[in-house]
Amino acid sequence: MNLSKITFTNKEGQILNGRIELPINQHPHNFAIFAHCFTCNKNLGAVRNISRSLTSKGFGVLRFDFTGLGESEGDFSDTNFSGNVEDLIAASDFLAQEFKAPTLLIGHSLGGAASIFAASKINSIQAVATIGAPSDPSHVEHLLKNGLEEIETTGKAIINLSGRDFTIKKQFIEDLKNKSLPNVAKNLGKALLIMHSPQDTTVGISNAEEIYHAAKHPKSFVTLDGADHLLMKKEDSLYAGKVISEWSSRYIKIPQSQFAKSNHQVVASLGNEDGFTTQIKVGNHHLIADEPESVGGNNFGPTPYEYVSAGLSACTAMTIKMYVARKGWDLQHIEVHTNYSKSHSIDCEDTENPKAKIDTFEREIKIEGNLDEKQISRILQIADKCPVHKTLHSETQIITTLR
């Protein structure tokens with residue numbers, strides 16, 4: 001993944017820190033901005049997973065910390081909802097100046113409400129996706145119930161959210177009360193995707209219903225059944241990212257042939273923050289490789305050796321099918337199961353020496369059809385003639401240069 005640190009200034013001149021993620025070996029066809037949830041930051045797992053799904057589809061994604069949060073300057077207690085909207089506009093201006101004006105806004109929780117407000121003020125935005133967004137921004141009052149009385153009396157209070165202390169001032173609450181999200185959604189004039197979990201106990205599902213009824217078409221609703229408000233389960237955030245990238249392609253123009261020039265068929269990209277999760281571009285296709293969690297990976301994709309095994313299985317099946325089709329035999333279905341390991345050679349006597357082990361691919365072939373024993377025997381012989389099989393058996397060379 002092509003990940004870079006960036007900074008830009010907000011309306012008040014404060015420096016906001018963020019990350020911009022670009023797809024590998026491809027010029028981004030569009031840029032998106034991610035607005036994180038209330039008191040969260042750009043590094044929340046769900047934010048990163050959704051961003052990764054978008055970059056795999058060719059988007060450039062900017063995620064940043066709102067004023068007073070994460071690595072960004074400012075005092076959170078001095079911020080308000082309007083300030084979050086202004087931060088999103090500043091992020092859009094930064095992209096327009098340094099890269100390309102954004103066309104997609106994605107907002108999580110209160111960031112979703114801020115995204116709708118910001119989208120109404122950013123001309124380049126063509127589509128907005130919200131996740132667990134409140135229909136009334138002042139919904140955060142119920143999260144602050146232990147501090148509301150103190151806020152009214154002293155003008156501020158320290159409240160605890162998710163185990164962290166935050167100072168909230170009266171101006172924050174008053175600003176929220178003056179915002180009407182349904183009215184803004186009604187006049188948005190841009191494609192809107194509303195994603196929400198029926199089990200969300202922080203922002204109830206009725207909020208999604210109110211936003212949906214207020215908005216005009218084109219609008220869509222997708223349930224995140226079983227997910228919690230912060231999308232803490234990987235599968236929930238990865239699913240959300242995939243849905244957003246596919247949905248937005250209907251409303252955002254995605255030019256064809258935007259791939260950067262390369263002399264190689266396959267490109268792998270891995271950043272410091274990705275662990276072992278590696279983005280791969282194979283021709284015009286995007287894949288992910290990873291390692292199991294047991295060795296420090298995220299298990300988001302197959303391991304490198306599983307890809308090698310997959311290549312052997314696929315090539316074996318294709319080669320057999322081509323041969324059988326040419327012969328006109330009745331083969332209805334074929335499955336090729338392959339495992340990879342390092343094991344001792346059959347005639348190896350030095351079993352205590354790790355170097356005595358050899359790479360071993362165990363391949364099982366299952367065939368269905370009206371075939372006699374002679375035909376089946378020939379099919380097994382043909383399996384060993386598939387190109388990948390020959391490559392694995394032949395002497396190969398790898399020539400490495402610095403790019």
Side-chain angles (χ1 to χ4, degrees), residues 21 29-38 40 44-59 61 63 88 102-120 125-137 139 181-182 184-254 286 288 300:
E21 300 181 42
H29 53 67
N30 283 271
F31 279 85
I33 300 175
F34 198 109
H36 62 68
C37 59
F38 182 56
C40 297
L44 184 71
V47 178
R48 295 170 59 185
N49 291 339
I50 293 171
S51 296
R52 183 177 294 119
S53 294
L54 288 165
T55 55
S56 71
K57 294 296 184 180
F59 283 89
V61 182
R63 49 185 170 93
L88 284 170
T103 54
L104 173 64
L105 269 182
I106 307 161
H108 185 191
S109 191
L110 197 61
S115 293
I116 293 178
F117 274 87
S120 67
I125 296 299
Q126 300 171 18
V128 182
T130 66
I131 303 169
S135 57
D136 183 352
H139 93 100
L181 185 58
V184 177
K186 180 179 180 180
N187 299 299
L188 184 61
K190 299 173 183 182
L192 178 62
L193 170 63
I194 303 163
M195 307 185 79
H196 215 113
S197 168
Q199 292 80 25
D200 190 332
T201 57
T202 303
V203 180
I205 188 68
S206 60
N207 287 267
E209 181 180 6
E210 187 172 354
I211 297 174
Y212 185 85
H213 284 303
K216 295 180 180 178
H217 286 291
K219 58 182 177 180
S220 306
F221 171 77
V222 173
T223 183
L224 296 175
D225 190 44
D228 60 15
H229 182 65
L230 293 180
L231 306 186
M232 296 301 290
K233 291 189 294 185
K234 294 178 184 177
E235 55 266 35
D236 292 332
S237 55
L238 290 174
Y239 170 73
K242 291 177 182 178
V243 171
I244 292 171
S245 62
E246 291 296 332
W247 168 83
S248 62
S249 65
R250 188 172 183 86
Y251 305 104
I252 295 174
K253 184 177 181 181
I254 300 179
H286 293 269
I288 293 178
F300 286 160

About how many Å separate [atom2] of [Y] and [atom1] of [X], when rounded to the nearest 0.5 Å?
{"X": "Ser56", "Y": "Phe300", "atom1": "OG", "atom2": "CZ", "result": "12.0 Å"}
{"X": "Met232", "Y": "Ser237", "atom1": "CE", "atom2": "OG", "result": "9.5 Å"}
{"X": "Glu210", "Y": "Ile194", "atom1": "CD", "atom2": "CD1", "result": "10.5 Å"}
{"X": "Leu105", "Y": "Ser248", "atom1": "CG", "atom2": "OG", "result": "12.0 Å"}
{"X": "Thr55", "Y": "His286", "atom1": "OG1", "atom2": "NE2", "result": "9.0 Å"}
{"X": "Lys233", "Y": "Leu231", "atom1": "NZ", "atom2": "CG", "result": "10.0 Å"}

Is the shortest side-chain heavy-atom distance between [X] and [Y] below 4.5 Å?
{"X": "Leu192", "Y": "Ile116", "value": "yes"}
{"X": "Lys186", "Y": "Lys216", "value": "yes"}
{"X": "Leu181", "Y": "Pro134", "value": "no"}
{"X": "Leu230", "Y": "Cys40", "value": "yes"}
{"X": "Phe34", "Y": "Leu44", "value": "no"}
{"X": "Pro198", "Y": "Thr223", "value": "yes"}

**OP:** I would like to know whether Ser115 and Leu88 meet side chain to side chain contact (heavy atoms under 4.5 Å, CB included); could you show each step before the answer?
**Re:** CA-CA 7 Å; Ser115 293; Leu88 284 170; 4.1 Å; yes

Subject >> side chain to side chain contact (heavy atoms under 4.5 Å, CB included) partner of Leu193, chosen from Val222, Val128, Ile131 >> reply: Val222

Of all heavy-atom pairs between [X] and [Y], which one has the smallest distance, and what is that distance?
{"X": "Lys253", "Y": "Gln126", "value": "N-OE1, 3.9 Å"}
{"X": "Pro102", "Y": "Ile33", "value": "CG-CD1, 3.8 Å"}
{"X": "Ala119", "Y": "Leu188", "value": "CB-CD1, 4.0 Å"}
{"X": "His217", "Y": "Tyr212", "value": "CE1-OH, 4.0 Å"}
{"X": "Ala113", "Y": "Ala133", "value": "N-CB, 4.0 Å"}
{"X": "Pro182", "Y": "Ser135", "value": "CD-O, 3.3 Å"}

Subject >> Whether His108 and His229 hold their rings parallel, tilted or perpendicular, with breakpoints at 30° and 60° >> reply: tilted

Main-chain N/O of [Y] paired to [X] side chain as donor or acceptor, under 3.5 Å:
{"X": "Asn207", "Y": "Gly132", "value": "no"}
{"X": "Asn49", "Y": "Ala46", "value": "no"}
{"X": "Ser197", "Y": "Ala227", "value": "yes"}

**OP:** Apply side chain to side chain contact (heavy atoms under 4.5 Å, CB included) to His196 and Phe221, showing your working.
**Re:** CA-CA 8 Å; His196 215 113; Phe221 171 77; 3.9 Å; yes

**OP:** Check whether the side chains of Gln199 and Asp228 place a donor and an acceptor atom closer than 3.5 Å, and report yes or no.
**Re:** no

Original post:
For Lys234, does the NZ atom have more than 12 heavy-atom neighbours from other residues, nucleotides or ligands under 6.0 Å away?
Top reply: yes

Subject >> Heavy atoms of other groups near Lys242 NZ, more than 12 under 6.0 Å >> reply: no

Original post:
Can you check side chain to side chain contact (heavy atoms under 4.5 Å, CB included) on Leu104 and Leu54, steps first, answer last?
Top reply: CA-CA 11 Å; Leu104 173 64; Leu54 288 165; 4.3 Å; yes

Original post:
Looking at Arg63 and Glu21, does any basic side-chain N land under 4.0 Å from a carboxylate oxygen?
Top reply: yes

**OP:** Could you please spell out the steps behind the side chain to side chain contact (heavy atoms under 4.5 Å, CB included) verdict for Met195 and Ile244?
**Re:** CA-CA 9 Å; Met195 307 185 79; Ile244 292 171; 3.8 Å; yes

